[in-house]
Amino acid sequence: MTQPLLEVQDLRTVFTTKDGIVKAVDGVSFELLPGETLGIVGESGCGKSVTALSIMRLQRPGKILGGKVMFKGQDLTRVSEYEMREVRGKEIAMIFQDPMTSLNPVFRVGWQVAEPNRIHQGWDAKKAMTSAVSMLQRVGIPSAASRARDYPHQFSGGMRQRAMIAMGLTTTPQVLIADEPTTALDVTIQAQILDLLRTVNKDFGTATILITHNLGVVAGMCERVIVMYAGKIVEAGPTKDVFANPKHPYTWSLLKSIPRLDEDRHEPLKPIEGLPPSLVDLPSGCAFHPRCSFKVERCSRDVPALLRVGETQLAACWVTQAGTELKGA
Amino acid sequence: MLAKYVARRFLASLVVVLGVTLITLVLMDRTRGTYVPGIDLNPALRPEDIARLRADLGLDRPFYIWYITWIWGVVHGDFGRSMIDGSTVMSHILDRLPNTLELTGTAILIGVLLAIPLGIVGALRRGSKADHTMTVVSVAGFAVPQFWMGLILILIFSVTLEQHGLPWLPSSGAFSAVNGGDIIDRIEHLVLPATVLSFFYISTWSRFIRSSMLEVLSQDYIRTARAKGMSDRRVVYLHGLRNALIPLITLVGLELPGLVSGGLVVEVVFGWPGIGKLAFERALQYDYTTVMGVTFFATLLVIAGNLIADLLYGVFDPRIRYA
Amino acid sequence: MIGQSRVAELEMPGAAVEGVSSRPAQSYWNESWERIRANRVGLAAGILILVFALIAIAAPLFSALLTHFLPQTIDLDVTFHPPGKPNWLGTDELGRDTLTRLIWGGRVTLGVAFLTVAISLTVGSYVGMLAGYYGKWVDDILMRLVDTVLAIPAIFLFILMSILFRPNPITLAIIIASVGWGGVARLVRGEVLSVKERDFILATRSIGARDFRLMLRHLLPNVLPVLIVSASLGVGQIILIEAALDFLGLGIQPPTPSWGNMLTNAESYFFHSFWLVIWPGIAIFATVLASNIFGNAIRDAFDPRLKS
């Protein structure tokens, strides 16, 4: 088995709000293998973005209460701020959801793409800019040399996201975390950006964590997928297995709620009843039980652990762990 | 593009300037009637002398004729002559302008230089003791009447210190009448009025920088900057400050007319021989050529200030385009 | 705050159940009122202003029952009497009781301030609504007028006008409001422009409501929050302007006491009678401070987005 590149163990991140303590990430563990694309999927507020930010230690004002983020033999939750800066943008790069607001409006795009190399490699402006321009070219920005002198507002949304990706890749990092990279973009542009991410993953061998709420994106991009609900992982496994045969009622309902083009018989779409729970005041037991159509008496009492269910999958569900198949209803 | 924008703004300004002078003139005309300032103080004047004086000053003509003549003069750089002492209004303005610029320029400079660091500290250490103290002081700064603060400073630093035989600061004028006028003497005179004026600017601008900085620091691109692995200092001072300072340009630009009129009350309290005090005294004496000259001059500054602020905005914020 | 970051809306239909909220639905006004009540400091400032206003209204009562002086009573035997009995806050150069004059001065100062706000708001919102609602040349003319008024350095305008009018409290309020309405007009116009295109205004129009009725019944309530905020933030500024004009001798004329004109001659006396400078200044300072704090509370309550 390959050695994981990044290993997250029992990560816990909380936010203190005036309504109480919010456990945004509550005991999340997973690993990222070299070169793979891992999907993290869930509704907004499920803790997937905070998980990513916690890996980068950018979760402020949240606090990491416990757990480990092992990367190259060190625990990123414990290294000094100075050492962490050496990791950010150099070893692990991150791109964000909204390319409209994620680039600094008062600096030229080329300058911003060149900045990581100036900080981390100590390159002079000229050298960094040359490499920035060639990177912009590689991510598909036409006449990159002149576009590099533009300001972000002169770029379209898709172009900005390309620039963000270029900015992440200039230092050839080993991990790229993409937090909802296509959510803010038009559908056609989304496809182009996903395509680019796929190419990047192949050409540079950069391991990618792709955070999204869009199951279609996961299906097309990721070898493995993690499903999160209310700060916890509820299911994990190879994408095709999870999609073909979900082992957690939440995943099951998610798949039922979107139209499938690849299935012969067309079942009526079924929205999930109810709303995601408030993270301040979680339901007892399994957080999903109030919305679950398979729930048994135990679900409201005890919190299920994430355990192996079936050949390749992990699920945190009393029902499937007891061997029941999720069907019908 | 830019030239067109400036030209259009200039034309719009012209309308405003005409409006301003007209309002001023109507007010002055309603005020003065056909009164010649100082005329009743000299019993030796015969009726024909008064008539000749009125004719000289143009007071026998209807006010719109007078206005057109005045505008004609202004276009040619002639602001007319004072109704009281007969010297040109321009010479009065030029005589007082350096004093006013010395006072207000110092105050604005100190204001900017102190407000920026104070605002940044407040934003970075939000909720700290330093932040709370600054909040309290600047809230007070908004509420304290400038003339009263001037009086209190005079009471403490001039009157009381002098009474106790301690070194004291002068409370009136821009320099000592006797053996004065050197740089130390001028600075001594400058301390109190400049303190009053800059206190107000610091209060306003530091609050402004603070909230502007807080807003900027919560932006997505700041998170991007951190994710690139740069130091806090680089994040705050390069990526943050550059954005946070943009709105300050407008604020300081809007204060440009304050260079002339903003110090009026302070000039009166401290007997500072500036333009504001000139306008105040001459208005009381119905010297309306002088008042109109000064008002016109100050209005030009308002308009220029707005325009300069807008243009600077474009220099510092690449998103702005002039159309 | 967190997790529910700025992810626009979820595409998953599961979450798209509408109209279910954990909190009871509250109207905008109720919520604003709740926010004001929750702001202790703001509320205290508001109460302080109320108390000042009540004292000002009841000034004759205070004269008769508490201080036993009238503001214009001259007694040359007790000039520059330091604070003590029977003149608790001392007397001035004519032996007039400072406390009594402060109370009566507050009557003038607060009265002028509130009147000014009322005039500015009435004129400003009317002009703003006309300009915003009718647009085109009406808008052009009115807004150029506003530009012009706001381009004159206000202090010069005040000086000129007070020479013209020799103000009493009412004319003084008109003078200060002659500049103040401009800002209000701009504000209201902007708000009207944004409200005008909303559906309900078009709907009202389509059922044939007359312009004036439309403005009064439908536009006004929508610009009301803006007006309230600008009024409450304006009071402090107006008191400062009024005090400055009085101080310069351009506002309320002696012997009527006002906080500003009580300071006019102070410079000549304060080397031996400091209290003449202290009390009126503190009165102005405290009132303006309270108005500003209360104004900020109001602004935060009505527009939580602007909260600093």
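First the proteins, then the strands, lettered A, B, ... as listed; each starts at 1. This is a predicted model, so every value here is computed, not measured.
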Novice: Looking at every non-hydrogen atom in both residues, tell me the closest pair between C:Ile284 and B:Pro145 and how far apart they are.
Specialist: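 Minimum heavy-atom contact is CG2-CG, 3.4 Å.
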Novice: Out of curiosity, B:Thr295 OG1 to C:Ile155 CD1, how far, rounded to the nearest 0.5 Å?
Specialist: 11.5 Å
Novice: Go through the atoms of C:Asp147 and report whether side chain, backbone, both or neither lie under 4.5 Å from a heavy atom of chain B.
Specialist: both
Novice: Measuring from B:Phe147:CZ to C:Leu248:CG, what's the distance to the nearest 0.5 Å?
Specialist: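 Output value for this atom pair is 8.0 Å.
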Novice: Can you tell which part of B:Gln163 gets under 4.5 Å to a heavy atom of chain C, answering side chain, backbone, both or neither?
Specialist: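 Just the side chain, heavy atoms under 4.5 Å.
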Novice: Let me know if C:Ile159 has heavy atoms under 4.5 Å from chain B in its side chain, its backbone, both or neither.
Specialist: side chain
Novice: Around atom CD of C:Gln253, are there more than 12 heavy atoms from other residues, nucleotides or ligands closer than 6.0 Å?
Specialist: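 It does: C:Gln253 CD has more than 12 such atoms within range.
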Novice: Between C:Phe247 and B:Val269, is any pair of side-chain heavy atoms under 4.5 Å apart?
Specialist: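 In short, these two side chains touch, coming nearer than 4.5 Å.
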Novice: What's the spacing between C:Phe156 CZ and B:Phe297 CZ if we round to 0.5 Å?
Specialist: 10.0 Å
Novice: Considering only heavy atoms, which portion of B:Val139 lies under 4.5 Å from any heavy atom of chain C: side chain, backbone, both, or neither?
Specialist: both
Novice: Non-hydrogen atoms of chain C under 4.5 Å away: do they reach the side chain of B:Phe280, the backbone, both or neither?
Specialist: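 B:Phe280 touches chain C through backbone and side-chain heavy atoms alike.
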Novice: Should we say atom CG of B:Leu161 is surrounded by more than 12 heavy atoms from elsewhere, each under 6.0 Å from it?
Specialist: yes
Novice: Suppose the criterion is side chain to side chain donor-acceptor pair (under 3.5 Å): which pairs have a residue in residues 134-143 of chain B, not counting sequence neighbours?
Specialist: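 Residue pairs passing side chain to side chain donor-acceptor pair (under 3.5 Å), neighbours aside: B:Thr135-B:Arg207, B:Ser138-B:Arg207.
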Novice: For chain B, which of C:Val149, C:Leu145, C:Ile278 has the most heavy-atom pairs under 4.5 Å?
Specialist: C:Ile278
Novice: Report which part of B:Leu264 has an atom under 4.5 Å of a heavy atom belonging to chain C: side chain, backbone, both, or neither.
Specialist: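 Side chain only.
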Novice: Any idea which of C:Leu157, C:Leu263, C:Thr287 has the most non-hydrogen atom pairs under 4.5 angstrom with chain B?
Specialist: C:Leu263
Novice: Looking only at heavy atoms and a cut-off of under 4.5 Å, which of C:Ile239, C:Leu150, C:Ile282 has the most pairs with chain B?
Specialist: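 Top option by heavy-atom pairs under 4.5 Å: C:Ile282.
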Novice: So which of B:Val144, B:Val265, B:Leu151, B:Thr160 has the largest heavy-atom pair count under 4.5 angstrom toward chain C?
Specialist: B:Leu151
Novice: Let me confirm one number: the CE-CZ distance from B:Met149 to C:Phe285, rounded to the nearest 0.5 Å.
Specialist: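 Atom-to-atom, B:Met149:CE and C:Phe285:CZ are 10.5 Å apart.
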